[in-house]
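Structure, as structure tokens:
Chain letters run A, B, ... following the sequence lines, proteins first, then strands; residues in each count from 1. Worth knowing before you read on, the calculation uses all heavy atoms, side chains too, and leaves out hydrogens, waters and symmetry mates. Quick caveat, the model's predicted, so the values are computed rather than measured.
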Amino acid sequence: MSTSASLTRAIALVDGNNFYVSCERVFNPGLEKSPLVILSNNDGCIVSRSQEARDLGIPMGLPFFKAKQLIQSHGLKWLSSNYTLYGDMSARMMNTLAQFSPDQEIYSIDECFLDLTGITSDSQLISYGLTIKERVQRDLGLPTCVGIGPSKTLAKLANHIAKKNKQFGGAFAWAALSQQEQIEWLKKVNVAEVWGVGRRLLEQLNTIGIKTVYDLQQANTDLIRRRFSIVLARTVAELNGVACLEMVDIKEPINKQQIISSKSFGEPIQALPLLREAVASYVCRAAEKLREQASVCHNVTVFVRTNPFAKHQPQYHNQISIPLSIGTADSRRLIHAACYGLERIYRSNYVYKKAGIILSDLHDAYHHQGDLFTKIDEEKSQQVMRTIDNLNLRYGANTLTLASTGIVVGNPHSWRMRANQKSQCFTTRWDEIALAKAC
DNA sequence: ATGCTCCTGCGAA
DNA sequence: CTAACGTTCGCAGGAGCAT
């Protein structure tokens, strides 16, 4: 029996301020105050910008070479991305944040939702948000902003407003505002900032006169449903305070439905043997993840492509899927399938820039079928793979690899990623801390 | 008509 | 020196096929 009307939900979205930049600055205070950017894989694009870098007009995703002149003229500093460091800092931040709610959903490396429903009253929400922010700053040295709303979409939007408007001190809650004030904010923010509205959708919304968040909030749900999709219709409901998107339970991690490993090459390659090595190493990485989640794979896709930006060069891209009648998590079998596929789509007269593999049609290894003979083989295979995984876990990635991924001792292959300016793994590797001191 | 699988587009970080 | 442009995931919905 319920005696009270159901509580309006209060969802917080905590998000790191330029997270990668902030992680680097924690361990290297010399990076404070100057414009700083962090680059994507292969040192290709800018994926994190300090405020100073934003002020120089550097947009998100800019190819790095287009910003290089700013190094001279404005003292722009840059670093390759150090995912080991960011991943570890993220785990620590999430631990701290978990203490503020029994219901946490880790949404990405630098943000999580916290369900605050019933923990605080409307009037306390802002101060609770500020407390969260201060605590992360104190424990980890990482700046964040907190947005709070009755739905995830409004929490996201609140976070955006907190980030862009310093006067709030880093925490913004819809519940703290009058209805009139809420409308004013919705009218002030571009619809492009709404969670789920990307480049294409923005274009279409603009053509029918929807420019601000308010316009979208007021839009007719049926029209949105017909003209666009159920997804955007849900977004409209969420903007009206009707929570449609539930918190995802992260304590029961859901196995992935597909595992992708693909990378651009440090230098383009043409020769099949080199492509084989690259593909084999990508398969190895993906197969590790496959075994981590205790799945087997029934389908391996391999794809290759030339550089689409090199307009003067002949272009080619192709992919092929190899079904496996008997599911497996054995790197060797998966490599075999991938290389078979590679040979089918390889054309010798092109210069390749990128290759990748997709493991799909994944199933729980425990339930997976097999006859008596395959089962014996399989036990052997699992022993070998477990041994390799354990060694690599204990002594570091790539301690033991398969020969097909290339013998690279002291002579890294040209196709391997560029990362010319990576910081040390301060939180996970003693040897690299020592190195930092020596420098 | 209805139900499937496969594939593509889109958005997110 | 030049040229140089990320990765991984899930979801929705249309196309194409089978029933």
Side-chain angles (χ1 to χ4, degrees), chain A residues 13-20 37-49 58-69 71 78 80-81 83 86-87 90 105-113 152-153 156 159-160 191-205 224-235 244-245 248 253-268 282 285-286 289-290 293 298-299 301 303 305-313 317 319-321 323 351 353-362 417-420:
Chain A
L13 189 268
V14 188
D15 190 323
N17 301 352
N18 39 57
F19 188 70
Y20 296 173
V37 294
I38 311 298
L39 308 184
S40 67
N41 277 347
N42 261 322
D43 294 342
C45 295
I46 290 167
V47 294
S48 182
R49 306 157 293 155
I58 298 172
M60 185 67 167
L62 185 75
F64 180 46
F65 70 87
K66 293 187 178 177
K68 268 201 170 166
Q69 55 172 109
I71 295 173
W78 64 277
S80 308
S81 42
Y83 290 110
Y86 312 148
S90 171
E105 175 187 340
I106 296 170
Y107 179 71
S108 75
I109 193 162
D110 75 329
E111 63 188 297
C112 77
F113 292 101
K152 284 179 161 185
T153 304
K156 276 257 185 193
N159 190 283
H160 171 80
V191 72
E193 307 301 338
V194 172
W195 191 29
V197 175
R199 199 167 48 86
R200 302 299 295 273
L201 221 38
L202 176 67
E203 237 172 72
Q204 297 178 58
L205 288 170
I224 295 293
R225 170 74 191 86
R226 282 197 311 275
R227 195 150 187 318
F228 297 94
S229 66
I230 185 72
V231 180
L232 194 62
R234 276 201 288 259
T235 298
C244 305
L245 308 174
V248 177
I254 302 158
N255 283 349
K256 291 188 186 78
Q257 298 165 21
Q258 55 173 13
I259 297 168
I260 301 178
S261 179
S262 82
K263 279 190 254 312
S264 301
F265 306 131
E267 285 170 25
Y282 300 166
R285 182 70 196 101
K289 291 190 190 172
L290 184 70
Q293 67 170 42
H298 285 260
N299 195 297
T301 301
F303 63 88
R305 71 169 315 130
T306 52
N307 183 356
F309 298 102
K311 297 243 161 47
H312 51 286
Q313 280 180 358
H317 61 94
Q319 70 176 57
I320 189 172
S321 289
V351 177
K353 179 63 179 168
K354 181 176 180 174
I357 62 96
I358 304 169
L359 306 183
S360 60
D361 202 352
L362 309 186
M417 261 191 342
R418 269 195 298 266
N420 288 338

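Taking atom CG of residue Asn255(A) and atom P of nucleotide dC9(C), one finds them 12 Å apart after rounding to whole Å. To the nearest angstrom, P of dA12(B) lies 13 Å from CG of Leu13(A).
Taking only side-chain atoms of Ser262(A), from C-beta outward, the nucleotide of dC9(C), dG6(C), dT7(C) with the closest atom is dT7(C). Of the listed nucleotides (dC5(C), dA4(C), dA12(B)), dA12(B) has the atom at the smallest distance from the side chain of Lys156(A). Among the nucleotides dC5(C), dG10(C), dG11(B), the one closest to the side chain of Leu201(A) is dG11(B). Proximity note for Lys68(A) (side chain, C-beta onward) versus dA4(C), dG10(C), dA13(B): the nearest is dA4(C). The side chain of Gln257(A) has dC11(C) as its nearest neighbour among dC5(C), dC10(B), dC11(C). Closest to the side chain of Ser108(A), from the set dC5(C), dT7(C), dA13(B), is dA13(B). Considering only the side chain of Ser261(A), dT8(C) comes nearest among dT8(C), dA12(B), dG10(C). The side chain of Val231(A) sits closest to dA12(C) out of dG6(C), dA12(C), dC5(C). With dT7(C), dC5(C), dA13(B) as the candidates, the nucleotide lying closest to the side chain of Cys45(A) is dC5(C).
Residue Tyr107(A) is in sugar-phosphate contact alone, with no base atom involved, counting any heavy-atom pair closer than 4.0 Å across all strands shown. As judged by a 4.0 angstrom heavy-atom cut-off over every strand, Val248(A) is placed among residues making no nucleic acid contact. As judged by a 4.0 angstrom heavy-atom cut-off over every strand, Val47(A) is placed among residues making no nucleic acid contact. Across all strands, Lys66(A) comes closer than 4.0 Å to base atoms (heavy-atom distances). If you check every strand for non-hydrogen atoms under 4.0 Å, Asp43(A) touches nothing. Within the 4.0 angstrom heavy-atom criterion, only backbone atoms of the sugar-phosphate kind lie near Asn41(A); the bases stay farther away. Among the protein residues, Ile230(A) comes within range of the sugar-phosphate backbone only, with heavy atoms under 4.0 Å from sugar or phosphate atoms but none that close to a base. Looking at heavy-atom distances under 4.0 Å, Ser81(A) makes no contact with the nucleic acid at all.
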Could you walk me through whether Asp15(A) and Tyr107(A) pass the side-chain contact (heavy atoms from CB on, under 4.5 Å) test, one step at a time? CA-CA 10 Å; Asp15(A) 190 323; Tyr107(A) 179 71; over 6 Å; no
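A residue-by-residue look at His312(A) and Arg234(A) shows that His312(A) has its nearest nucleotide of DNA chain C further toward the 5' end. Position along DNA chain C of the nearest nucleotide to Phe228(A) versus Gly44(A) favours Gly44(A) as the more 5'-ward residue.
Taking atom C1' on both nucleotides, dG6(C) is separated from dG11(B) by 15 Å, rounded to a whole Å.
Looking only at side-chain heavy atoms (C-beta outward), Lys156(A) and Glu111(A) come within less than 4.5 Å of each other.
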